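Because the structure is a prediction, the values reported are computed rather than measured.
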Amino acid sequence: MHRRTALGGALTALATAAAGVLVAAVVSTAPAAAAAGGTGTGYLRTSGSKIVDSTGTTVRLTGINWFGMETDNKTFHGLWSSNPWRSQLDTMARLGYNTLRIPYSNDALKPGATATGINDFVNPDLVGLSPLQILDKVIDYAGSKGMRVILDRHRPTSAGQSPLWYTSTVSEATWINDWKMLAQRYAGNTTVIGADLHNEPHAEGTNPAATGACWGCGDTARDWRLAAERAGNAILGVQPNWLIFVEGVSCPSGGLSNVWDNDPSNDEDCGWWGGNLSKAGQFPVRLNVANRLVYSPHEYATSVYRQAWFDDPTYPANMPAIWDKYWGYLYKQNIAPIMMGEFGTTLQDPKDKVWLQNLMAYTGTGVNGMSFTYWSWNPNSGDTGGIANDDWTTINQPKQDILQPYLIPPTGGGGNPTPTPTGTGSPTPTPTGTSSPAPSGGCTASYKQVNAWAGGFQGELTVKNTGTGAVNPWSATWTWPSGVTLASGWNATVTQSGTTVTAAAPAWASSLAPGASVTVGFTANGSAATPGSVKLNGAAC
């Protein structure tokens, strides 16, 4: 789905329109030292359900997502923290994450794009660099640790995700041309192994009038399978050594079920955004270069959405059959490798721990297991939290303990890491609720300044619904002194007008139940200031 903080709600699919084609100079990036051990040697390819290196040795990618380049910051989140960026990568490698999946938006690739939210005292070597220049440095250092990198086109713009791979402002041509530019930029650098073409294609509109991403429907404007072929083949024409990672859809028809039309044929079985590859066996992605296709589903826990299968009386014994149906069959039938691109949880619900333990067991142990990149390193992922705690330094040990047996460290990343002391202050899980639009009873608000640097600061505002009814949709507002301006926000759609800031509920967590809280995170420019005159749907807190 994405984000979970900065991974955002669904956008309405818009008609395609022409957008400018990005022109960028090819950057000569020195190839990383040949990786060995967990990530193999040279470029990777596929062999049946396996990923293998240039010598034919089986490789298992056991990685993690580090997001931010797809947001308004246009670069990695956590660069505002007191932990230097290289130290964060050191920790990832030491813990056993041998691959880094990096989400980006096309906004971050535009000429003149500016990276924000960087602590210049801690990361002085990043100050003044463009988003792509920072990406270059992260890739080079990750390569020096023996890690591999997968680039993920997460959003067309920093505003949010889209059901289709194009929007009215970002055309298919721009999507493909930007991919070709990246393939040329990192040509010859074996650290960068492939392209995750578009994050979480999903259904939009109500069947039978679907407008979202379908699989195998044959409509070139909506068929994600056909679009993946067009983009994948264009990339391979520039860089034939890359792997092409193709996510699923949510509903193969591309539309949401209409339970009121009394037509059962329109009420199909749907899964997570990007998680439904049930039609890929019948309608496979066809690439011009053999042995380059990896299917990359997403899978989440109750902290993201309480799917019906979590309440099945046989849970968790029912889960392997569900995973088999949506994507696991591709691996088990030796059709193609699986690289689970996103999966994550807050572990707040007891069912979530059982889910994560069973999911990891399903992927298999050792080098022959399915590949994956966990969501996420970032602690500011609203509905999953992260492996890093809020200080971006200490580790969420309960999550790490579940993942640890399945991790294959990169060469230079160490093995059997010493547990990092567990910190506190993990993000408040995004609450759920059901009913009315006003906080009948009021609210309370508390504020924590997380970090500060020359010219800016990071904070978290927690608002609690103390009323007797749910607030749906919720919206929090506050004021800042003149001169303080919003740089980025997460866990809500955060905007500023004058001195007033509004945090509107995301589409996937629109309701705030009685007694529930939501934590809105942000970075801002200017002198550190506490939010004033906080209100929830107009009621003063």
Side-chain angles (χ1 to χ4, degrees), residues 1-2 4 7 49 60-65 96-97 200 202 247-252 268-278 280-281 295-333 337-366 368-376 381-387 396-408 426-427 429-432 508-509:
M1 192 183 31
H2 168 308
R4 275 132 281 260
L7 289 273
S49 62
R60 186 181 192 181
L61 306 177
T62 63
I64 196 163
N65 287 266
Y97 298 102
E200 297 182 346
H202 58 273
E247 300 182 26
V249 292
S250 58
C251 308
E268 66 184 315
D269 186 20
C270 299
W272 297 107
W273 284 7
N276 191 333
L277 286 157
S278 60
Y295 287 112
S296 188
H298 290 187
E299 172 70 21
Y300 278 101
T302 55
S303 55
V304 173
Y305 183 77
R306 198 175 189 95
Q307 301 274 16
W309 49 74
F310 294 124
D311 294 317
D312 188 294
T314 65
Y315 179 83
N318 62 318
M319 294 308 299
I322 291 170
W323 295 325
D324 283 349
K325 176 183 66 175
Y326 283 131
W327 45 269
Y329 74 97
L330 295 164
Y331 180 88
K332 292 186 174 182
Q333 295 177 23
I338 289 293
M339 201 291 291
M340 190 163 47
E342 291 184 18
F343 63 106
T345 168
T346 60
L347 289 185
Q348 296 299 308
D349 189 310
K351 288 187 175 183
D352 281 22
K353 181 177 181 180
V354 173
W355 166 85
L356 186 55
Q357 291 171 328
N358 280 266
L359 177 62
M360 296 313 297
Y362 178 82
T363 67
T365 57
N368 290 314
M370 300 181 202
S371 293
F372 59 83
T373 49
Y374 185 78
W375 189 272
S376 59
S381 179
D383 44 10
T384 66
I387 293 298
N396 184 310
Q397 204 63 45
K399 293 181 186 179
Q400 184 65 26
D401 287 345
I402 297 174
L403 297 173
Q404 194 73 66
Y406 303 89
L407 300 178
I408 300 175
S426 38
T430 305
T432 57
W508 68 90

Spatial distance of atom [atom1] ([X]) from atom [atom2] ([Y]) [nearest 0.5 Å]:
X	Y	atom1	atom2	value
K351	S303	NZ	OG	13.0 Å
L347	K399	CG	NZ	6.0 Å
L403	Q357	CG	CD	10.5 Å
N318	W309	CG	CH2	9.5 Å
S49	Y331	OG	OH	5.0 Å
T62	M360	OG1	CE	8.5 Å

Within a 6.0 Å radius of atom NZ on K353, are there more than 12 heavy atoms belonging to other residues, nucleotides or ligands?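 Open.
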Less than 4.5 Å apart, side chain to side chain, heavy atoms only: is that true for [X] and [Y]?
X	Y	value
L61	F372	no
L356	F343	yes
D349	R306	yes
Y329	I338	no
H298	E247	yes
M339	S296	yes
I387	Y97	yes
M370	M340	no

Counting only N and O atoms by type, is there a donor-acceptor contact under 3.5 Å from the side chain of N65 to the main-chain atoms of T373?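 Yes, N65 side chain to T373 backbone: donor-acceptor pair under 3.5 Å.
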Could you tell me whether a side-chain N or O of N276 sits under 3.5 Å from a main-chain N or O of P252, the two making a donor and an acceptor?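 Here the side-chain-to-backbone pair does not exist.
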Begin with the C-alpha distance, continue with both residues' side-chain angles, and end with the deciding distance and a verdict on side chain to side chain contact (heavy atoms under 4.5 Å, CB included) for T302 and W355. CA-CA 9 Å; T302 55; W355 166 85; over 6 Å; no
Can you label the angle between the Y362 ring and the W323 ring as parallel, tilted or perpendicular, going by 30° and 60°?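 Ring orientation, 0 to 90° scale: tilted.
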Measure up the W272 and F310 rings against each other and bin them: parallel (under 30°), tilted (30 to 60°), perpendicular (over 60°).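 Rings of W272 and F310: tilted, as their planes differ by 30° to 60°.
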For M319 and L359: C-alpha separation, side-chain torsions, deciding distance, then whether side chain to side chain contact (heavy atoms under 4.5 Å, CB included) applies. CA-CA 8 Å; M319 294 308 299; L359 177 62; over 6 Å; no
Say whether [X] and [Y], considering side chains only, have a donor N or O and an acceptor N or O under 3.5 Å apart.
X	Y	result
T345	D352	yes
T363	R60	yes
Y300	E342	yes

Any idea which heavy atoms bring [X] and [Y] closest together, and the distance?
X	Y	answer
D401	P405	O-CD, 3.4 Å
Q307	G271	NE2-C, 4.3 Å
G275	Y326	O-CB, 3.7 Å

For the pair Y295 and W327, evaluate side chain to side chain contact (heavy atoms under 4.5 Å, CB included) and give the outcome as yes or no after the intermediate values. CA-CA 8 Å; Y295 287 112; W327 45 269; over 6 Å; no
